[in-house]
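The chains referred to below are lettered A, B, ... by the order of the sequence lines, with proteins before strands, and numbering in each begins at 1.
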Amino acid sequence: MLILRYAFILVVLLFLAAPLVVIFGVSVNEPKQLLFPPEGFSLRWYAELFQASDWLNALRNSVVIALGASTIAVSIALPLALYVWKKQSKMAQALFGLGVAPFLLPPVISALGFMIFWITVGFYGQIYATIISHGVFLVTLPLVTISLGLEAVDRQLIEASRTMGANDKTVFRTVIFPLARPYMISGFAFVFVLSLNEYIIAYMVAGFTAETLPIKIFNSLRYGYTPVMASVAVFFVLTAIVVFGSIARFGDLPRLLGAERARR
Amino acid sequence: MTTLTARLKGHRGAAYPLVMLVVFFVVPFVIMLSVSFFSRDDGAFFQPAFELSNYSRFISPFFGKVLLTSLTLSAAAAIISVSVAVPFTYFVTRMRARWQSVMLVFLLSVLSLSEVIIGFAWSTLLSKTAGIGNLFVAIGLMETSQSFTPSLGALLLGLTYLGLPYAVLVLYPALSRLDPEIPEAARMLGASPIRSFFNVVMPMMRNTITGALILVFVFTLGAYLLPQVLGRPQHWTLSVHITDQAIFQSNLPFAAAMAIFLMLVSLALVGISTLLGRART
């Protein structure tokens with residue numbers, strides 16, 4: 001019975017890992033061809049990502065967008081989460097729902113909404129249009145993580161600091177903020193990784209002017225093959241593993257994902 | 001006057017998030033909704049008007065087929081992903097905390113991958129020169145390697161790959177909160193592990209599983225790239241056509257009408273799954 005269970009787990013993991021293994025294999029090919037098992041071993045396609053000006057440019061755009069979007073998402077999510085946590089009114093719940101909505105709908109819909117919006121206000125094709133769109137679209141993630149963090153804050157702690165004469169600002173700075181900080185960081189990290197990987201919004205808002213790595217991969221996919229695509233993909237997988245691995249190492253990942261005492 | 005300012009003061013913290021969400025999320029949807037009634041303009045992007053032609057265009061055999069393809073593919077992918085995810089997640093939640101974290105990191109990493117990368121990875125895995133064809137030749141299953149993409153099977157495989165980690169993470173909270181003593185009690189009373197899983201765990205999780213099915217269905221309904229990379233043109237889904245109309249046919253009003261339609265379908269489904277989630281407790 002136990003063997004069957006492990007065999008099943010193994011098969012599922014193999015299914016999930018197989019494309020990643022192949023991508024890694026083709027990324028270290030010596031010749032500029034799509035071959036697996038790889039012929040020879042070379043890291044030059046990784047070097048090209050950081051040397052070829054067009055790939056480097058896409059990398060730069062992607063990182064700038066991801067950093068900007070994470071900052072915006074957390075800046076919206078923190079006051080919103082605090083407000084919902086303090087008030088717990090119908091109105092606060094509605095605001096929370098509004099913050100969660102972008103994430104539940106198929107992204108194509110939001111992407112088209114953003115595209116039409118930026119055309120209307122005249123910033124279509126600008127990189128900051130992509131940054132703001134990503135920041136708003138991914139606001140759900142820090143909103144959920146920070147709310148989870150606040151839920152763990154003991155309200156008596158706040159009572160105590162108030163009786164000792166702390167005002168709102170001091171309570172926030174000395175009690176709430178330090179407790180919420182790890183959740184802000186994980187929210188930031190989630191947005192960073194997802195923005196880095198996001199294609200459709202970036203493409204529809206400024207795909208021809210602010211080319212990001214996923215857009216560049218897709219364009220290359222149409223016009224032929226280069227192993228740099230594979231090395232970028234590996235780079236993305238590794239970034240995600242490092243980021244989520246750090247969250248798991250320094251934080252409580254199972255709880256963040258809803259195990260046990262999570263938001264109901 | 002003072003009471004009003006005093007009352008507003010308590011809500012000051014919500015002002016900035018509210019403004020941001022309204023300006024950059026609600027307003028775009030309102031504009032999109034109005035554009036869906038506009039007429040197409042070759043010179044600019046769209047022309048203000050009020051016509052229902054963008055919606056009536058759906059009622060054609062072509063878009064009927066597109067809709068049917070989208071719904072069937074997503075339903076199939078959702079059923080496969082959830083059927084695999086239920087036992088898999090159950091096993092994961094029974095692992096030691098350390099291993100659970102490892103699994104979650106891996107699943108999150110796969111989930112966060114761009115559809116572009118998933119499409120590229122699967123098209124490579126199913127290709128002639130770098131794919132499993134080589135493996136089949138090596139173990140003697142096939143004479144010469146061949147390509148398995150583009151095809152309906154490849155697309156379904158890709159959509160399942162997209163949906164599986166999502167399904168696991170949707171099921172994870174409920175399954176990890178399941179009291180381990182319940183299936184244990186069933187075992188004590190003499191039920192086999194399989195029987196205790198199907199007769200005790202599954203019925204308790206019925207609403208959760210239905211909710212997960214719907215969420216994965218909506219999630220894969222949003223796939224816009226895999227149908228282009230792994231499927232043939234007749235497998236293009238509604239999401240692909242939205243992008244295609246918006247970018248390549250420059251018909252934003254029609255794209256907007258399709259997006260509104262897709263949104264209504266998704267909202268209704270998400271609404272149902274939320275209700276099921278409430279009924280769970």
Side-chain angles (χ1 to χ4, degrees), chain A residues 1 5 8-9 12 16 18-20 22-23 26 33-37 76 79-80 82-83 95 98-99 102 104-109 112-117 119-120 132-133 136 193-194 197-200 204 214 217-218 221 229 233 236-237 240-241 244-245 248 253-254 257-260 262, chain B residues 13-14 16-18 20-21 24-25 27-29 31-32 35 45 84 87-88 91 97 100-101 104-105 108-110 112-117 120-122 124-125 127 129-130 134 164-165 169 172-173 176-177 193 218 221-222 224-225 229 239 242-243 246-247 252 255-256 259 262-263 266 270:
Chain A
M1 224 19 243
R5 172 193 287 215
F8 176 74
I9 295 175
V12 174
L16 290 173
L20 310 181
V22 172
I23 284 296
V26 293
Q33 277 167 339
L34 190 64
L35 293 171
F36 190 87
I76 300 175
L80 188 54
L82 275 172
Y83 179 77
L95 258 177
L98 188 61
L104 284 178
L105 294 172
V108 183
I109 302 171
L112 187 69
F114 285 130
M115 179 187 178
I116 294 176
F117 174 75
I119 288 173
T120 312
I132 296 176
S133 305
V136 171
V193 172
L194 285 178
N197 278 286
E198 207 285 329
Y199 169 81
I200 191 75
M204 286 178 87
I217 295 182
F218 189 57
L221 204 59
M229 285 153 61
F236 273 40
V237 177
I241 292 179
F244 296 129
L253 192 61
L257 294 173
E260 269 108 3
Chain B
Y16 165 73
L18 182 67
M20 290 297 278
L21 287 175
F24 295 114
F25 186 65
V27 170
F29 270 92
I31 300 179
M32 182 163 74
V35 167
F45 288 102
V84 176
F88 182 74
F91 294 151
Q100 272 191 47
S101 286
L104 292 174
V105 168
L108 272 176
S109 305
V110 172
S112 68
L113 278 185
S114 181
E115 237 189 284
V116 179
I117 292 176
F120 167 57
W122 274 100
T124 308
L125 185 63
S127 71
T129 54
N134 284 346
L164 184 58
L169 291 173
Y172 179 74
S176 73
R177 270 176 247 174
V218 172
L221 206 54
Y224 44 84
L225 236 150
V229 179
S239 295
I242 293 175
T243 333
I247 307 266
L252 279 175
L262 183 61
M263 182 176 81
S266 312
V270 171

Which atom of L112(A) lies closest to which atom of A259(B), heavy atoms considered: CD2-CB, 3.7 Å

For Y199(A), the side chain to side chain donor-acceptor pair (under 3.5 Å) test, sequence neighbours excluded, returns none

Which of L20(A), L194(A), T120(A), V12(A) touches chain B most, by non-hydrogen pairs under 4.5 Å: V12(A)

Using 0.5 Å steps for rounding, measure from the CG atom of L21(B) to the CG atom of L80(A). 6.5 Å

Non-hydrogen side-chain atoms of P165(B) and L16(A) separated by less than 4.5 Å: yes

For the student: nearest non-hydrogen atoms of V116(B) and P214(A), plus distance: CG1-O, 3.5 Å

Is F88(B) in contact with chain A via its backbone, its side chain, both, or neither, using a 4.5 Å heavy-atom distance? both

Pick one of side chain, backbone, both or neither for F8(A), based on which atoms fall under 4.5 Å of a heavy atom in chain B. side chain

Measuring from F244(A):CZ to L108(B):CG, what's the distance to the nearest 0.5 Å? 5.0 Å

Which value, rounded to the nearest 0.5 Å, describes the distance between I217(A) atom CD1 and I117(B) atom CD1? 4.5 Å

Hey, what do you get for CD (Q100(B)) to CG (L253(A)), rounding to the nearest 0.5 Å? 10.0 Å

Toward chain A, the part of L104(B) with a non-hydrogen atom under 4.5 Å: both

With side chains defined as the heavy atoms from C-beta onward, is the minimum distance between Y172(B) and P254(A) less than 4.5 Å? yes

Do P17(B) and Y83(A) come close enough that some side-chain heavy atom pair is under 4.5 Å? no

At a heavy-atom distance under 4.5 Å, which candidate from A248(A), A233(A), P107(A) has the highest pair count against chain B? A233(A)

Looking at every non-hydrogen atom in both residues, tell me the closest pair between V193(A) and S112(B) and how far apart they are. CG1-OG, 3.5 Å

Just so I understand: if I count every heavy-atom pair under 4.5 Å between each of V84(B), V229(B), V270(B) and chain A, which residue has the most? V84(B)

Residue, of L18(B), V218(B), L262(B), that accumulates the most heavy atom pairs under 4.5 Å with chain A: L262(B)

Mind ranking G99(A), S133(A), P102(A), G245(A) by heavy-atom pairs under 4.5 Å with chain B and telling me who comes out on top? P102(A)

Roughly how far, to the nearest 0.5 Å, is the OG1 atom of T243(B) from the CE atom of M204(A)? 5.5 Å

For a 4.5 angstrom cut-off between non-hydrogen side-chain atoms, does V110(B) reach V237(A)? no

Using the side chain to side chain contact (heavy atoms under 4.5 Å, CB included) criterion, which residues pair with V26(A)? Sequence neighbours excluded. N29(A), L34(A), F36(A), Y225(A), A230(A), T124(B), A130(B)

F114(A) and F24(B) have their tightest heavy-atom pair at CE2-O, 3.0 Å

Can you tell me which portion of I241(A) sits under 4.5 Å from chain B's heavy atoms? Options are side chain, backbone, both or neither. both

I want to check something: taking the side chain as every heavy atom from C-beta on, are I200(A) and E115(B) in contact at a cut-off of under 4.5 Å? no

For a quick test of reading the model, state the closest non-hydrogen atom pair linking I23(A) to A121(B) and the distance between them. CG1-CB, 3.5 Å

For A18(A) versus L125(B), what's the shortest heavy-atom pair and its separation? CB-CD2, 4.1 Å

Looking at chain A, which one of A246(B), G222(B), S109(B) has the largest number of heavy-atom pairs inside 4.5 Å, strictly under? S109(B)

Looking at L82(A), L105(A), L104(A), which one has more heavy-atom pairs under 4.5 Å with chain B than the rest? L105(A)

If you measure from CE on M32(B) to CD1 on I109(A), what distance do you get to the nearest 0.5 Å? 6.5 Å

